[in-house]
> 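Mind looking over this structure? Questions follow.
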Amino acid sequence: MENSDSGLDGASPPQVKREHFSSSEEAPTNGSGGMNGMTNGHGGEKERSHKSEHRDKDKHRSDKHKDKHREKDRDRSKHSSSSSSSSKDKHHSSSSSKDKHRDKERSEKDKERSKDKEKHSSSSSDKHRDKDKERSDKSKHHDGKDRDKSKHEHKSSSSSKEHKSSSKDKERSSKEKDREHKERSKDKHSSEKKNKDHEKEPKHTEKVKIKEEVPEPAVFNDPFEDTPKKPVKPVKQEMESEDEDKPLMERASQKKRKAEIAGDESEEDIPLMQRKKPKKEKENKKRIKEESEEEEDFKPAKKAKKKTKVEDKKQESPTKRGKKKEEEEGTVWKWWEEDKPSDGTKWNYLEHKGPVFAPAYEPLPDGVKFYYNGKQVRLSEPAEEVAGFYAKMLEHEFTTKKTFNENFFKDWRKQMTPKEKELITDLSLCDFKPMHAYFQQKSEERKAMSKEEKLKIKQENEQIQAEYGTCVIDGHKEKIGNYKIEPPGLFRGRGEHPKMGKLKARIMPEDVIINCSKDAPKPVPPPGHRWKEVRHDNTVTWLCSWTENVQGQGKYVMLNPSSKLKGEKDMQKYETARKLHRRIDKIREEYRQDWKHKEMRIRQRSVALYFIDRLALRAGNEKDEDQADTVGCCSLRVEHIQLHEEKDGKPFVVVFDFLGKDSIRYYNEVPVEKRVFKNLQLFMENKNEGDDLFDRLNTSILNKHLNDLMDGLTAKVFRTYNASITLQRQLEELTVEGANVPEMMLSYNRANRAVAILCNHQRSVPKTHAKSMENLKAKIDAKKQAVEDAEEALRDAKKEYKRSKSEKDKINLDKKKKAFERQQQQLEKLELQATDREENKEIALGTSKLNYLDPRISVAWCKKNNVPIEKVYNKTQRDKFRWAIDMAGPEFIF
DNA sequence: CGGGGTACTTAGAACTTTCCAT
DNA sequence: ATGGAAAGTTCTAAGTACCCCG
């Protein structure tokens, strides 16, 4: 450890210097070229499949073997064995909860499994075979890895001694196996087919047919997404431990910061006040910006509240909608200049009209048929509706997945009449194509509607939005985020979700709980219906809630991000991150010390924290098994990392490869300090692939510790902090003084991109990317030509003027000069655009911009460099970040 | 503690509107 | 005008965190 440690120690703790920095920095220079080190050798295209495959395979991979044997035995006698093992486990490891979970599931699964097995004849040998197959597929992309894994598997299987964790392993593995098993079978079926054929064949055939029946819509609803969906985009970040350290420059600015804050733009703050009572806002208000005071809006003026109007850049809408809009836009509630209530209450007055329900089902016209086994069948309304959900997705990859189809079919049958149920027993005999064609046709018709019709619809929507999309909270009218209740449909989980395809039921008023203040009028339920409950809980921010049937989780109607309630919380989040900034050195120092702690749990905690800090990993809560198998830091398993004493010339490299939130793959090769490396070796000792890497740690233990370190500190604060500080540093580094706006924006986007890479925010390469790049290139070429022409013209003009010296030629010369410059600028702009786009093709900037970057950093940067804020934030974003735009001056420092 | 539930944030895909070159 | 791509918006799944109970 000394090697790596020594250098970094001390003040420059882990410094984490994410190398991305460096890599990202470089990236810009070389343009699209290796994408900031994001390439990892896995093929680009297949990535998509990789995602899902990855999980199944990888995850289960190792356990499969080992566990398989056991599993079987266990399955049969699972109860006894599992119970005993679990008790053991507890002694040895603290992750018993996890185990328990698994046990439960396992038992259920086992049951199912045993059935499955018989059906699919998944004997262990089969499994092996399957695995191999999978592996070989995979190996195309992942050779090295696979190889390693297989080794592991073998090893582990042979070394099935009893380790502390063995029992645990067993349990888990059996579960996993089960799962794996299932998945595997699914996959296999489908995957073999799917992978190859399905994408083409089925689709194509269908498509063709559809065409016959109905003209193909100009725009498909993207049904095709599936094919190449999103690839996994691995991110590779390299870092050298040595250089780390740059970190902390931030602190320097702390002092300044304070000053700024105080000074900022908040000139007068007369804050104080808390919101008092409710009041309704009056409607009215005239056009934008009047300085007049509007007391009407705010009644609670008890304290000296100050309200200010801010002008919005929006265009006016003299047109029709009227006052409401203007009112909203014209008046801004500067809540950030007020005091916040310190008790847990979220509001004193809340009034709204309840949610908007999905439109009732409209039966299909008679002409749209459904065939079962070649014969036309007239479905009952409920069965038809659900069939329609499936028909709409016919071209989606989902319909090629076994799990999806099974879940769908099972739930569909529940909607059938006994007769239908008796008749329809095999999904593959169902012909949804006419239905699909019908929906497609409808969608085309919608697109082809005349302007007037579209306008009318738009107006109706605005009407609804005005009525149901806003609420009155503490005297202010504010937008609601999701006032429309989710319509029924088929559940679309991300990744290999075990529940994909299940029917998401229609929500009725009887399912909905309303939350509003006692003194507000109660929302009126739709005629003939009543609410499940009306309550008045001002310690929460939701207006309506209901429980969704697929996963049994609660859903809420809440306010828009531009609202005070959301904004305040958002600002607070960044303030906590800034606070962390002030303590980060100490915290880093401390966890580095803890790497040598004698207690294993402390060492695990410190290593996990190091990952979270340095790599911006998510906390990694435990998950149920009826969800896709994804992990975060605390839930990493042995199979998710590989240790290399040396890799590519670097010592002590940890290779992370796992599926994170939304089943997005995280791949990273990270050189770490020797001490970390040794600890990891220890943590992995005597464990199987499916075991928890940090078996004595979970998110609540970690967060508890973090909270002791700093008030309000949790694992996710590190993501926010590291994202924001990275943006600030990158901006500082990449911004060239005096650059023009397009250049500035390239710098900004690059800084933003560094953050997105850090946080692993990926997106699938837009389907249109290659083409659009081509177009752009063509444009650039054309522009180059234009520049040359302009140059030529300029030269001629010069000559002419030189000769004649006439005023007229002088004017002409100037003109040519200008034209030339203009062309040149345009060319430059195009080139920048091309670079930017290429660099960005598989990175999503939006998520970090919206959720991780302190908007004041961006605002300050814009102000300092004279970049219009609209270049960085669109309208919605400006609404959300109004507080930052208003309060941050050019000197703001995070 | 574990286990379950609640509330709220974060996330990429899907869909819609706007923009821009022909 | 048109149609295709980009930009913007909507949707809702999937996380985190925390609380309460036994």
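This one's a predicted model, so the numbers in the text were calculated from it and none came from an experiment. In what follows, every chain begins at residue 1, and chains take the letters A, B, ... in the order their sequences are listed.
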> A:W546 versus A:V557: any side-chain heavy-atom pair under 4.5 Å?
yes
> From the options B:dG12, B:dA7, B:dT10, select the nucleotide whose nearest atom is closest to the side chain of A:M558.
B:dA7
> With the threshold set at under 4.0 Å for non-hydrogen atoms, list the residues of residues 702-714 of chain A touching DNA chain C in residue-number order.
A:N703, A:T714
> Over how many whole Å does the gap from A:H396 atom NE2 to B:dC15 atom P extend?
8 Å
> Under 4.0 Å, counting only non-hydrogen atoms across every strand here, what does A:Q551 touch: a base, just sugar-phosphate, or nothing?
sugar-phosphate
> Quick one: is C:dA17 close enough that its OP1 or OP2 comes under 4.0 Å of any side-chain N or O from A:K716?
no
> Does A:K661 put a side-chain nitrogen or oxygen below 4.0 Å from OP1 or OP2 of C:dT16?
no
> Assess the side chains of A:N621 and A:T699: does a donor N or O sit below 3.5 Å from an acceptor N or O?
yes
> Classify the side-chain pair A:K623/A:T630 by whether it contains a donor and acceptor separated by less than 3.5 Å.
yes
> Can you find a side chain N or O atom of A:H761 that sits less than 4.0 Å from OP1 or OP2 on B:dA11?
yes
> Using a cut-off of strictly less than 4.0 Å, decide whether A:T541 has a side-chain nitrogen or oxygen near OP1 or OP2 of B:dA7.
no
> Quick one: label A:R446 by what it contacts on the DNA or RNA (base, sugar-phosphate, nothing), any heavy atom closer than 4.0 Å.
nothing
> Restricting to nitrogen or oxygen on both sides, can you table the protein-nucleotides 9-11 of chain C pairs closer than 3.5 Å?
from, atom 1, to, atom 2, distance (Å)
C:dT9, OP1, A:T876, OG1, 2.9
C:dT9, OP2, A:T876, OG1, 2.4

